[in-house]
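Okay, structure first, notes after.
Keep in mind the model is a prediction, meaning the values are calculated, not measured. One-based numbering, in listed order, for ligands and for the atoms of each.
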Amino acid sequence: MSARLAPPKLGQRIGYEAGRIVVPDDPIIPFIEGDGTGPDIWNATRYVVDGTLQKVYGGKRKAAWYEVFAGDKANLKYGEYLPQETLDALKQYRVSIKGPLSTPVGGGIRSLNVTLRQILDLYACVRPVRYFNGVPSPVKEPQKVDMVIFRENTEDVYAGIEWPAGSEQAKNIIGFLNKLERRSTKIREGSAIGIKPVSEFWGYEVASKEFGDVTIPESEIDGGKADGKIVIKDRIADSMFQQVLLRPAEYSVLATTNLNGDYLSDALAAQVGGLGMAPGSNESDEVAIFEATHGTAPKYANQDRVNPGSLILSAVMMLRHLGWFEAAEAIERAIAKTIDQKRVTYDLERQMAGAKLLKTSEFGRAIVENV
Ligand code: NAP
C-alpha cells in the first residue's frame with residue numbers, strides 16, 4: 001500500500017478460504033465517510049454499530065474502523081477523487097462501508113460509485129427491501145413488500161460506452177449499423193450512441209445447473225404445486241413494475257439487469273417509505289462494499305438532520321455478511337422499536353401524526369438505547 005495512506009493501527013485482516021470470508025473478532029473495516037450528508041449519517045451509523053456490538057458481545061467482537069478516502073475529502077487530501085490506495089484497501093480488507101459520494105459535474109468525471117463497482121468487479125448489487133411498521137407509505141399494504149433485489153452491477157448502459165451526437169465515433173457506428181443487412185429500421189443520422197452490453201454470464205444457468213434440486217421454472221410446475229422449491233418466474237420489465245405494486249407478496253427475490261434493477265429497487269424503496277431507509281451492497285466473490293443507496297443530499301449537509309437509516313441498515317447487512325447475526329438482528333429490532341415509538345428524523349416526521357422529530361445523531365442514540 002502506498003505511503004500516503006497510513007496502515008491501520010488496530011485489528012486484523014479478514015481472510016478468504018474455500019470461497020468464504022474468514023472473520024476475526026476484530027476485523028479491519030475500511031470506511032469512506034462520503035460527501036454532503038455522508039459524515040452525518042456515517043457518525044450515527046458508527047455509533048449504532050459500536051454501541052450494539054458492545055451491548056451484544058460485551059467487547060469480545062468489535063470493528064476496527066479504518067478510514068480511507070474518496071470523493072471531496074480525497075480530492076482535498078490527494079488532489080484526486082478516487083486514489084489508488086483507497087481501491088487497494090477496499091480490495092485488501094474485503095469488507096467495507098461507504099456513505100454517498102457526489103458525482104463531480106463537468107470535466108468528464110464518471111460516477112465514483114460506478115467506477116468503484118467496475119474496477120473492483122463488484123458484479124452484484126444486493127438491495128433488500130422490507131417494511132418497518134409505522135413508516136408512512138404511498139401504498140395500502142406496504143408490509144407485503146419483502147424482497148431482495150440482486151441487480152447486475154457492471155454491464156448494461158452503465159458500462160459507459162457512449163458517444164455524443166455528431167461525434168466522429170457516433171457517425172461511424174451509425175454508418176456501420178445502417179449498412180447491416182436485414183435491418184428494417186435505420187438509426188437517424190446525428191443521433192448520440194450508447195451501447196448496452198449484457199452477457200449470458202449469470203441467471204437461469206446457475207439456477208438450473210447449480211441449484212436444480214431446489215429451484216423449478218414456473219413453466220414446469222405440475223398442477224400449481226412447486227413441492228417446496230423456489231419457483232423461477234420470467235417477467236419482462238414493464239410487467240414486473242406492475243407486479244411489485246399489485247402482487248408484491250408473490251415475489252421474494254428479483255434478479256435483474258443493471259438499469260431495470262436500479263429502477264425497480266428505487267420504486268420498491270418508495271413503496272416501503274422512501275430512500276432514507278433503503279440499504280444496499282456491492283459484491284464480488286471476495287469483496288463487498290456496503291453503502292447508503294441515496295445520494296449526498298447536499299442541501300442538508302452538516303445539519304445533523306437527514307435519516308441515517310439507509311446506512312445503518314447497510315451496516316446491518318454488513319454484520320450479517322460477517323456472520324455476526326445477533327448484532328444485526330438486535331439493530332433491526334431496535335430500529336423497528338424506535339420507529340414504533342414515533343421517534344424519527346424529519347423525512348418520516350413530516351408524514352407521521354404525533355411523531356417526535358429527532359436529529360440524525362439522536363436517532364442513532366435512540367436505536368442504541370432500544371438495543
Ligand atoms: P439525493 O442526494 O438522494 O437527494 C434527493 C432527495 O432525497 C433529498 O433532497 C431528500 O429529499 C431525499 N433524501 C436523500 N437522502 C436522504 C436521507 N438520508 N434522509 C432523508 N431524505 C433523504 O439525490 P440527488 O440530489 O439527485 O443527488 C445528490 C448527489 O448524490 C449527486 O452528486 C449524485 O450523483 C449523488 N448520488 C450518489 C449516490 C451514491 O453514492 N450511491 C447515489 C445517488 C446519487 P427532501 O428534499 O424531500 O427532503
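- In terms of protein heavy-atom proximity, atom 29 (C) of ligand 1 is nearest to T296 OG1, 3.1 Å.
- The cationic group of R350 does not satisfy the cation-pi geometry with Y346, failing either the under 6.0 Å distance to the six-membered ring centre or the 45° limit from the ring axis.
- Applying the 6.0 Å contact sphere to NZ of K233 captures more than 12 heavy atoms from other residues, nucleotides or ligands.
- Taking atom 21 (N) of ligand 1 as the reference point, the nearest protein heavy-atom neighbour is Y346 OH, 3.2 Å.
- Side-chain contact annotation: D285 with Y123, donor-acceptor N/O pair under 3.5 Å present.
- For atom 5 (C) of ligand 1, the nearest protein heavy atom is 4.0 Å or more away.
- Looking at Q271 and Y131, their side chains never bring a donor and an acceptor atom within 3.5 Å of each other.
- Within a 6.0 Å radius of NZ in K342, more than 12 heavy atoms belonging to other residues, nucleotides or ligands are found.
- Annotation: atom 8 (C) of ligand 1 to nearest protein heavy atom, A297 CB, 4.2 Å.
- Per-residue contacts place T103 under 4.0 angstrom from the following atoms of ligand 1 (heavy atoms of the residue considered): 32 (O), 34 (O).
- A 6.0 Å sphere centred on OH of Y263 holds no more than 12 heavy atoms belonging to other residues, nucleotides or ligands.
- Between D304 and S361, the side chains place a donor N or O and an acceptor N or O closer than 3.5 Å (distance only, hydrogens not considered).
- The ligand atoms of ligand 1 that sit less than 4.0 angstrom from a heavy atom of P100 are 40 (O).
- The K98 neighbourhood of ligand 1 comprises atoms 40 (O), with distances under 4.0 Å to a heavy atom of that residue.
- Look at R350 and you'll find a heavy atom under 4.0 Å from some atom of ligand 1.
- There is no protein heavy atom closer than 4.0 angstrom to atom 12 (C) of ligand 1.
- Interface atoms of ligand 1 facing E291, defined by a heavy-atom separation under 4.0 Å, are 41 (N).
- Shown here, atom 24 (P) of ligand 1 is out of close reach of the protein: none of its heavy atoms lies under 4.0 Å off.
- At a cut-off of 3.5 Å, with distance as the only test, no side-chain donor of D238 or Q242 sits close to an acceptor on the other residue.
- Side chain to side chain, N370 and T338 meet the donor-acceptor criterion of an N or O pair below 3.5 Å.
- By the 3.5 Å distance cut-off applied to N or O atoms, L101 is counted among the residues near ligand 1.
- Side chains of Y158 and D262: a donor-acceptor N/O pair is present below 3.5 angstrom, by distance only.
- The closest non-hydrogen atom to atom 17 (C) of ligand 1, taken over L348, N282, V306, V114, comes from V306.
- Which parts of ligand 1 touch S102 is read off a 4.0 Å heavy-atom cut-off, strictly below it: atoms 32 (O).
- Taking every non-hydrogen atom of D347 and a distance limit under 4.0 Å, the qualifying atoms of ligand 1 come out as 20 (C).
- Remark: the Q243 side chain and the Y251 side chain contain an N/O donor-acceptor pair separated by less than 3.5 Å.
- Residue-level proximity to ligand 1 for N307 is carried by backbone and side chain together, each with a heavy atom below 4.0 angstrom.
- Among all non-hydrogen protein atoms, the one lying nearest atom 46 (O) of ligand 1 is K299 NZ, 2.9 Å.
- When hydrogens are left out, the protein atom nearest atom 43 (C) of ligand 1 is G295 CA, 3.6 Å; that is the closest non-hydrogen contact.
- Listed by number with element, the atoms of ligand 1 under 4.0 angstrom from any heavy atom of N113 are 37 (C), 38 (C), 39 (C), 40 (O), 41 (N).
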